[in-house]
Amino acid sequence: MTLTNAIYAGNFALLKFYGPFEFNLASRKLEFDFYDLAVLGVKFSLGRGGAADIGAATGLGSSNNKQLVENDKKPFFNWVSADENIATARGGGGGLALWKRDLEMEVINSNEKEAAAATEIEVY
């Protein structure tokens, strides 16, 4: 599965990060890494640890993430709480992360998936 994280201006994604993740339900720990980045819609590969380097250099991520990658570990979040509308977690660097469910984006993504499925059906 792929995790996506983004920075938006309104509905437009300025930056989008993509990469694999693992979630351990027992420890409530989400480990991830971002291997790809899209800037204003143009996607390119960062390679292993590339996102940690960018995050440490810009303040968008914890410098601890860079150390984790150097020690062959992944950045992580320890989940504090989650319900159908909001989720909270503590990052590996100690910061608090908050996520709000975006119903508009769910509709957009659903419509895109339906359009892709319809396109796939029509291809001969």
Side-chain angles (χ1 to χ4, degrees):
M1 291 180 58
T2 300
L3 177 69
T4 303
N5 198 3
I7 298 171
Y8 286 87
N11 289 333
F12 185 74
L14 301 173
L15 294 174
K16 273 183 134 176
F17 297 89
Y18 307 87
F21 72 94
E22 296 173 26
F23 183 70
N24 182 319
L25 186 59
S27 65
R28 298 183 341 198
K29 187 175 190 176
L30 174 77
E31 293 181 316
F32 63 94
D33 201 355
F34 295 122
Y35 297 150
D36 298 304
L37 171 69
V39 179
L40 302 175
V42 178
K43 192 172 178 179
F44 57 93
S45 178
L46 297 173
R48 187 178 175 283
D53 291 338
I54 291 170
T58 63
L60 291 173
S62 169
S63 59
N64 184 55
N65 291 343
K66 189 172 177 178
Q67 294 168 356
L68 287 170
V69 171
E70 289 169 359
N71 292 323
D72 206 27
K73 296 186 180 198
K74 295 179 182 176
F76 64 90
F77 287 106
N78 288 314
W79 288 91
V80 176
S81 66
D83 63 24
E84 65 276 358
N85 294 311
I86 194 162
T88 61
R90 180 73 59 191
L96 180 64
L98 302 170
W99 291 273
K100 179 184 177 289
R101 184 173 189 177
D102 187 341
L103 295 175
E104 259 184 63
M105 206 49 144
E106 285 183 29
V107 169
I108 290 168
N109 288 337
S110 174
N111 290 342
E112 288 174 357
K113 287 178 186 174
E114 288 174 11
T119 302
E120 289 174 16
I121 291 170
E122 295 174 2
V123 174
Y124 297 98

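Only heavy atoms go into these numbers, but all of them, side chains included; no hydrogens, no water, no symmetry mates. This is a predicted model, so every value here is computed, not measured.
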Exercise. Is L98 atom CG crowded by more than 12 heavy atoms from other residues, nucleotides or ligands, each under 6.0 Å away?
Worked result: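 Atom CG in L98 is crowded, with more than 12 foreign heavy atoms closer than 6.0 Å.
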
Problem set entry | Inter- and intrachain pairs under side chain to side chain donor-acceptor pair (under 3.5 Å), touching residues 75-97, at least two apart | S81-T88

Value rounded to 0.5 Å, distance of [atom1] in [X] from [atom2] in [Y]:
X: F23; Y: E31; atom1: CZ; atom2: CD; value: 11.0 Å
X: T4; Y: D36; atom1: OG1; atom2: CG; value: 10.0 Å
X: L3; Y: L30; atom1: CG; atom2: CG; value: 6.0 Å

Exercise. Y18: what forms a ring-ring contact (aromatic ring centres under 6.0 Å, His included) with it, not counting sequence neighbours?
Worked result: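 Residues passing ring-ring contact (aromatic ring centres under 6.0 Å, His included) with Y18: none at all.
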
Seminar exercise, completed: Applying ring-ring contact (aromatic ring centres under 6.0 Å, His included) to F34 and not counting sequence neighbours gives F17, F32

Problem set entry | Criterion side chain to side chain contact (heavy atoms under 4.5 Å, CB included) on V39 and L14, from CA distance to verdict | CA-CA 6 Å; V39 179; L14 301 173; over 6 Å; no

same_hphob_cluster([X], [Y]) at 4.5 Å side-chain heavy-atom cutoff:
X: L37; Y: L40; answer: yes
X: V80; Y: F76; answer: no
X: L25; Y: F21; answer: yes
X: Y35; Y: L15; answer: no

For this session: For salt bridge (charged side-chain N to carboxylate O under 4.0 Å, His left out), just list the numbers for E22 and K29, CA-CA rounded to whole Å, side-chain angles, deciding distance to a tenth of an Å, and then say yes or no.
Result: CA-CA 8 Å; E22 296 173 26; K29 187 175 190 176; over 6 Å; no

Exercise. Can you name the nearest heavy-atom pair linking G91 to F77, along with the distance?
Worked result: CA-CD2, 3.5 Å

